[in-house]
Amino acid sequence: MSDSPTPESRIVVLRQTINEYNYHYYVLDEPKVPDAQYDRLFNELLALEKAHPQLVTEDSPTQKVGAAPLSAFSQVEHEVPMLSLDNAFDEESLIAFEKRLRDRLKDTSELTFSCEPKLDGLAVSILYEQGKLVRAATRGDGRVGENITENVRTIANVPLSLRGENWPERLEVRGEVFMPRAGFIKLNEMQKQQQAKVFANPRNAAAGSLRQLDSRITAKRPLQFYAYSLGVVQPDSYSLPLLHSERLHLLAEWGLPLCPEVDSTIGSHGCLKYYQRILDARDTLPYDIDGVVFKVDRIDLQEKLGFVSRAPRWAIAQKFPAQEEITTLQDVEFQV
Ligand code: NAD
């Protein structure tokens, strides 16, 4: 008799393992394994569920975003869910992504994409009312996040008041909080000197710094923010530009910081060129990125394409080869 597991039993093992890794990553801010190893297991689970759709359950990690918020923080319910992104790991899957979009839109013309570095930090929602920052929250499980208003108010490049005047009464800005590499190195040196916790990478340092109960600690950490989308905008009659890229520029006019590498391009061939350009520049950038994100630029097409369970259909993250891969190969402890 063969020892190989049935799809059912393998799926159970994968879900348990991924849930355990998610807890360490999202709740404790202390990953147990390198991302590349996590991604391999997650993709194996996705492939098994695709081949056996009857085995998909609502509580599978493939159907969920992040993790529930910590009870130490008060909770914020997201009026528009904060989703994750689908991933492409090679050229073929990016080309297939564009083809899927065109088939679904029944349109043969090439699509324009907004191209953005995939910053390796954590997603944050910042709400402005009458131009004033009134609330900030983590993504949490996508539906409910943690209220981290006081902490976000300490981030130097997050405006407490919007510039200009024609902003909507309520404006939710979404983006990534991250720790630039130089600040991360300095922070770890200081932590070592003080015999305090040393962070595994800038992403963990950013997450650990932002999810502090004492905002005076966050204020001392070198965090930064780049905006990459909008959430709630009210009143509903407020007229926003019809392109995602133009909306980003509007955010910049209102004083919100944007990543300088943001660009737009046409078709999957343009996306592949952008991917290569950013991959080549990766080591010279002052912050960590783990890939690039492509988003259909036309908002009406985004709305037509809609969402699947945990990610929009109109965007994809093309991941870079993992820098941690070498450690992974030597990592024999976690064979699932
Ligand atoms: P994700 O990181 O693959 O993609 C979604 C996130 O990308 C968003 O929430 C946002 O924070 C970020 N992002 C950065 N730049 C963006 C931009 N320009 N536009 C939009 N979003 C942008 O998804 P996820 O659900 O946050 O996490 C999954 C990933 O986290 C995995 O692929 C894995 O690499 C890592 N992870 C690792 C472990 C581990 O144990 N090592 C555990 C869980 C997750």
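Read the numbers this way: they start at 1 and go in the same order the structure lists the ligands and their atoms.
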Can you list the atoms of ligand 1 that are under 4.0 Å from a heavy atom of [X]?
{"X": "V33", "answer": "39 (C), 40 (O), 41 (N)"}
{"X": "E116", "answer": "17 (C), 18 (N), 19 (N)"}
{"X": "Y21", "answer": "40 (O), 42 (C)"}
{"X": "S84", "answer": "4 (O), 5 (C), 23 (O), 24 (P), 25 (O)"}
{"X": "R310", "answer": "25 (O)"}
{"X": "P117", "answer": "15 (N), 18 (N)"}
{"X": "L119", "answer": "14 (C), 15 (N)"}

**Asked** What is the minimum heavy-atom distance between V27 and A67, and which atoms define it?
**Response**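 Closest pair (atom of V27, atom of A67, distance): CG2-CB, 3.8 Å.
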**Asked** Under the salt bridge (Lys or Arg N to Asp or Glu O under 4.0 Å) criterion, do D29 and R211 qualify, and how do the steps go?
**Response** CA-CA 9 Å; D29 293 327; R211 298 169 77 226; 3.0 Å; yes
Quick check: does [X] get an N/O under 3.5 Å from an N/O on ligand 1?
{"X": "K295", "answer": "yes"}
{"X": "D39", "answer": "yes"}
{"X": "D35", "answer": "yes"}
{"X": "K118", "answer": "yes"}

**Message:** Between ligand 1 and Y226, can you find any atom pair, the residue atom being a heavy atom, that is separated by under 4.0 Å?
**Reply:**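 No heavy atom of Y226 comes that close to ligand 1.
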Among [options], which residue places a heavy atom closest to [atom]?
{"atom": "atom 36 (N) of ligand 1", "options": "F42, Y25, Y228", "value": "Y25"}
{"atom": "atom 26 (O) of ligand 1", "options": "R203, R139, E261", "value": "R139"}
{"atom": "atom 5 (C) of ligand 1", "options": "L83, N204, N43, L85", "value": "L85"}

**Asked** Can you tell which part of K319 has a heavy atom less than 4.0 Å from ligand 1: side chain, backbone, both or neither?
**Response**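 Within the 4.0 Å criterion, K319 contacts ligand 1 through side-chain atoms alone.
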**Prompt:** Any idea which part of H24 is under 4.0 Å from ligand 1, heavy-atom wise: side chain, backbone, both or neither?
**Reply:**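 Neither part.
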**Request:** Go through the steps to decide whether F225 and L256 satisfy the test side-chain contact (heavy atoms from CB on, under 4.5 Å), and finish with yes or no.
**Result:** CA-CA 9 Å; F225 173 77; L256 287 148; 4.3 Å; yes
**atom 11 (O) of ligand 1 - nearest protein heavy atom and its distance** =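 Nearest protein contact, heavy atoms only, for atom 11 (O) of ligand 1 is E176 OE1, 2.5 Å.
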**Prompt:** Looking at the rings of F199 and F184, which for Trp means the six-membered one, are their centres under 6.0 Å apart?
**Reply:**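 Ring centres of F184 and F199 not closer than 6.0 Å.
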**Request:** Could you check L101, D107, L111 and say which one makes a side chain to side chain contact (heavy atoms under 4.5 Å, CB included) with L301?
**Result:**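 In the set L101, D107, L111, the residue that makes a side chain to side chain contact (heavy atoms under 4.5 Å, CB included) with L301 is L111.
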**Asked** For Y25, is the NZ or CZ atom of R203 found under 6.0 angstrom from the centre of its six-membered ring and inside 45 degrees of the ring axis?
**Response**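 Yes.
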**Request:** Please check if any side-chain donor atom of S114 sits under 3.5 Å from a side-chain acceptor atom of E116, or the reverse.
**Result:**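 The criterion, which ignores hydrogens and geometry beyond distance, is satisfied for E116 and S114.
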